[in-house]
Undergrad: 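What follows is a single structure, and I will ask about it in a moment.
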Amino acid sequence: MTIKVTFPDGATRDYPRGTTGTTIVDGISKSLAKKTVAMRWNGVLSDLSDAPEADGRIEFVTRDSGSKDVLELIRHDAAHVLAEAVQELWPDTQVTIGPVIENGFYYDFKRDAPFSEEDFPAIEKKMAEIIERGATFTKEIWSRDQAKDFFGARGENFKVELVDAIPADQSLKMYKQGQWIDLCRGPHMRSVKDVGMAFKLTKVAGAYWRGDSNNPVLSRIYGTAFATKEDLDAYLHMVEEAEKRDHRKIGQEMDLYHFQPEAQGSVFWHPKGYVLFHQMEAYIRRRLDTAGYQEVKTPQLMSSKFWELSGHWGKYRENMFVVPDEVPGTEEEGPVLSGKGDLMALKPMNCPAHVQIFNQGIKSYRDLPLRMAEFGCCHRNEAHGALHGLMRVRQMTQDDAHIFCREDQIQSETEHFVHLLYSVYGHMGFDNVVIKLATRPEKFGGTIERWDAAEKALGDALRATGYDFEIAEGEGAFYAPKLEFHLKDAIGRSWQVGTLQLDYVLPERLDATYIAEDGSRQYAVMLHRAILGSLERFIGMLIENYAGRMPMWLAPTQVVVATIVSEADDYAEKLVRQLKAAGIRAELDVRNEKINYKVREHSVGKVPLMFVVGKREAEEGTVSVRRLGTEGQKVEPFMDALVALMADATPPDLKAKAA
Ligand SMILES: [Zn+2]
Ligand SMILES: [Zn+2]
């Protein structure tokens, strides 16, 4: 009996049944065999030691490829090595589970004394020893009783529970590395040696067994691992940089905003933070105006009946804030519930409200495309634990817009949008944009013909813009494809920011129609699109991207006029008046403090510019100009400094217009 194996280049070869991936790769080339750590068999990541039973496609996973597969394998194997190391050092520890997560892995242990970061050097040393020993991973299929007896005898009660939870018809895989053995779905690389030495433990935390607070608390050790030392170092450096740039820390130093428990996930914008917010809003508004959008404002609170119609009540109810529709009562009784017990909800998105505006009056094909924008204030009931500064909030302001168009306009509208979006990102300081076209998922609504046409329209639009894009296979929404726009920030992190989602469903649900050229009534197509996403999150990103050193046009305070001696107070006041009259956000600092103290304080507040004035400057009509982050200062006539500052402070879109 033989099986036919197809290689990535299309070539095929017959092998005796029972031939393992290891033997196949050994027979191809020594150098390929040396670096191959696993395989994909018919697309499924598998142990190289597996022997395929039937014909199929093989792809080799090489350690130096740096692929996602390799990183997952390295991290998964590292989690096993971590568990072995911990049990070798502290044999009284019980093991539980240890999955791969984004950027690393963790393992949960049960031990009377929880682990601390002080244990890390000893554990890392032991891990290195185990990797050095280089035990081979071997897989065995066990019966449930065998596995339960084995773990039971060792006092591994959590593993017994895990075995019990596996459906009776599934086989149990046990992976051995030397003496150590674990219940695991696999796959693994050839040996623990393949983990390599580019690993590091990062933190500890408490975690409940199976995430349930009625269960015992486990000690969770987090770690990360990479294919090379350089990759690990780059990652650790990025993490360190990210901590320094944390918008929560910088936001406080700049006095931009705060949160408090009474309004979890909703921002209290301080005057300085709101300047930033407002500048962003004004910028986007100008861009949308020029791009032919019309701005609207729709209600915050709408009846549950409305949300039933839009479909949100069924699918999105748990993320919505719902309030009773109270009837104002007497002073003594207070408000009372309406007799019908009606419910209202805060809008989680703007789309259905925009359709209501579209539906006012009859629309003709000549009215399309109709681009409707709103700085929509939306509420979403996110779990407290998921909230994260400005990055994840419950009340957000979206730069939301919906384009109502005809099917034959999808492509041109998409193209138009992508150009606008690139220009906005460029102005915000982001040049590295990754576009993904998310295509039809396995489970989908609508016809294949419509999906194909929609994907083609979006793809053709992208090709016409000349920007590169990737296909995110199967990642489209249930009902239509979408575009995602990811930004790379100054320290290499990627953020999904913009989207364009095609939608045929909502217009049909809410009866958004127009009269076509032939007089027939047609459903409009909707494009849900956002450039910044939420203003809150985008501002958080901007703060981290610039480490608080905003471009001049966005800086909450653009210049501080600070005095060295009190004789210059009047002069300083006069300058601030003139700066403000010229539209500059200027502050006065005439406090009786040393100038070095003032400079330090304003640099913590990330003020980009200081005009320092003393007696001489007052007499000569000059200022000593100090820029944030640079040493020294330069004396200039005030008028020259003002003109330069005004140019610098002009928002990029207005600058482009003037040029
Ligand atoms: Zn495992
Ligand atoms: Zn929408």
Side-chain angles (χ1 to χ4, degrees), residues 38 45-47 72-84 86-87 95-101 104-109 135 137-140 142 147 151 156 158-159 162-163 166 172-177 180-189 191-192 194-195 223 225 293 296 298 307 310-312 315-316 347-358 370-378 380 396-405 413 417 477 479-480 482-483 498-507 509-510 512 524-534:
L45 196 58
S46 313
D47 293 320
E72 275 217 36
L73 288 164
I74 290 176
R75 289 166 184 173
H76 183 188
D77 290 10
H80 280 231
V81 171
L82 165 63
E84 182 183 356
V86 164
Q87 286 201 311
V95 288
T96 67
I97 55 160
V100 173
I101 52 173
F105 60 88
Y106 69 75
Y107 210 110
D108 283 349
F109 300 99
F137 279 109
T138 50
K139 176 168 55 181
E140 294 177 8
W142 284 18
F151 285 124
E156 298 279 15
F158 297 97
K159 287 287 178 191
L162 288 175
V163 172
I166 295 174
L172 291 186
K173 288 185 222 162
M174 300 291 287
Y175 277 88
K176 255 188 196 164
Q177 56 200 71
W180 200 77
I181 187 160
D182 199 3
L183 170 73
C184 177
R185 244 175 280 148
H188 283 278
M189 296 186 287
S191 80
V192 292
D194 289 331
V195 172
Y293 286 76
V296 299
T298 59
W307 298 109
S310 70
H312 289 86
K315 266 184 270 162
Y316 207 71
K347 68 174 166 188
M349 43 192 83
N350 311 297
C351 344
H354 288 188
V355 178
Q356 307 311 306
I357 296 180
F358 179 85
L370 197 155
R371 309 184 186 107
M372 199 184 290
E374 177 171 5
F375 289 98
C377 177
C378 296
R380 292 181 190 172
M396 71 206 76
T397 312
Q398 301 174 317
D399 67 321
D400 196 15
H402 295 96
I403 300 169
F404 296 87
C405 65
E413 283 306 298
F417 171 68
Y479 50 90
K482 67 174 171 186
L483 300 181
T499 46
L500 179 140
Q501 170 72 60
L502 197 58
D503 186 0
Y504 306 105
V505 177
L506 198 64
R509 226 172 212 290
L510 299 178
V525 178
M526 263 175 105
L527 304 178
H528 306 252
R529 41 109 297 163
I531 299 176
L532 307 182
S534 100

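As the structure lists them, so they are numbered: ligands from 1, and atoms in each ligand from 1. Nothing here was measured: the structure is a model prediction, and the numbers come from that model.
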Undergrad: Distances under 2.8 Å only: what protein N/O/S atoms are near the Zn ion (ligand 2), ordered by chain and residue?
TA: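 Listed by chain and number, the nearby protein N, O or S atoms are Cys351 SG, His402 NE2, His528 ND1.
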Undergrad: Hey, which of Asp503, Thr499, Asn350, Leu500 is the one that makes side chain to side chain contact (heavy atoms under 4.5 Å, CB included) with His528?
TA: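 Among Asp503, Thr499, Asn350, Leu500, the one meeting side chain to side chain contact (heavy atoms under 4.5 Å, CB included) with His528 is Asp503.
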Undergrad: Has the side chain of Asp399 got a donor or acceptor atom that lies under 3.5 Å from a matching backbone atom of Ile531?
TA: yes
Undergrad: Report yes or no: does Arg371 contribute a side-chain atom to a donor-acceptor pair with the main-chain N or O of Ile403 at less than 3.5 Å?
TA: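 Side chain of Arg371 to backbone of Ile403: no pair is present.
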Undergrad: Kindly write out the residues that satisfy ring-ring contact (aromatic ring centres under 6.0 Å, His included) with Tyr504, not counting sequence neighbours, or none if the list is empty.
TA: none
Undergrad: Who passes side chain to side chain contact (heavy atoms under 4.5 Å, CB included) against Ile357, sequence neighbours left out?
TA: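 Here the qualifying residues are Val296, Thr298, Met372.
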Undergrad: So, for Ala79 and Gly98, which heavy atoms are closest and what is the spacing to 0.1 Å?
TA: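 Here Ala79 and Gly98 meet closest at CB-O, 3.7 Å.
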Undergrad: Using the ring of each side chain (for Trp, its six-membered ring), is Phe404 parallel, tilted or perpendicular to Phe358, with breaks at 30° and 60°?
TA: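 It falls in the parallel class, under 30°.
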Undergrad: Report yes if the distance between the aromatic ring centroids of Phe109 and Tyr107 is under 6.0 Å, otherwise no.
TA: yes
Undergrad: For Leu502 and Tyr479, which heavy atoms make the closest approach, and how far apart are they?
TA: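 That closest heavy-atom pairing would be O-CE1, 3.6 Å.
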Undergrad: Could you pull out the N/O/S protein atoms under 2.8 Å of the Zn ion (ligand 1), ignoring any water?
TA: His76 NE2, His80 NE2, Cys184 SG
